[in-house]
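Reading through the structure tokens given below for one structure.
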Amino acid sequence: MSDDPVGVVTRWENAGGEWRVVARTAVGVTVALCRCDGGEEVDRFTSADPALLAFLAGRG
């Protein structure tokens with residue numbers, strides 16, 4: 001996993017993929033990276049990176 005989880009999510013989205021927050025805890029989030037053609041999960045990661053938490057604030 002990259003040291004830049006915001007970059008991972010934005011590159012995935014820019015490439016046409018979908019992503020979902022599948023879990024939120026007091027210390028971090030788990031994000032699923034999904035295909036654009038049906039939403040099949042390809043990968044997921046968990047992070048407590050403050051930049052990612054700020055990026056995801058208010059998003060699903």
Side-chain angles (χ1 to χ4, degrees):
M1 204 336 256
S2 168
D3 289 334
D4 177 17
V6 174
V8 170
V9 171
T10 56
R11 282 190 301 276
W12 191 262
E13 187 174 59
N14 290 340
E18 300 174 3
W19 56 268
R20 291 184 209 115
V21 174
V22 294
R24 288 184 194 261
T25 67
V27 294
V29 295
T30 299
V31 176
L33 304 176
C34 304
R35 294 172 47 118
C36 64
D37 59 350
E40 178 186 354
E41 186 175 318
V42 176
D43 198 6
R44 70 170 51 191
F45 66 91
T46 300
S47 177
D49 184 278
L52 179 63
L53 299 176
F55 176 79
L56 295 176
R59 298 179 189 221

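The closest side-chain heavy-atom distance from Leu33 to Val8 is below 4.5 Å. Within the 4.5 Å cutoff, the side chain of Val9 has heavy atoms near those of the Phe45 side chain. The side-chain heavy atoms of Val42 and Trp12, taken from C-beta on, include a pair separated by under 4.5 Å.
Applying the side chain to side chain donor-acceptor pair (under 3.5 Å) rule to Asn14 yields no partners; only residues at least two apart in sequence or on another chain are considered. For Glu13, there are no salt bridge (Lys or Arg N to Asp or Glu O under 4.0 Å) partners, not counting sequence neighbours.
Judged by distance alone, the side chain of Arg20 and the main-chain N or O of Gly39 form a donor-acceptor pair under 3.5 Å.
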Contacts under 3.5 angstrom, residues 49-58 side chains, donor-acceptor by atom type, not counting sequence neighbours:
from  : atom 1 : to    : atom 2 : distance (Å)
Asp49 : OD1    : Ala51 : N      : 2.8
Asp49 : OD1    : Leu52 : N      : 3.1

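In plain terms, the two heavy atoms of Glu18 and Cys36 that are nearest each other are OE2-O, 3.7 Å.
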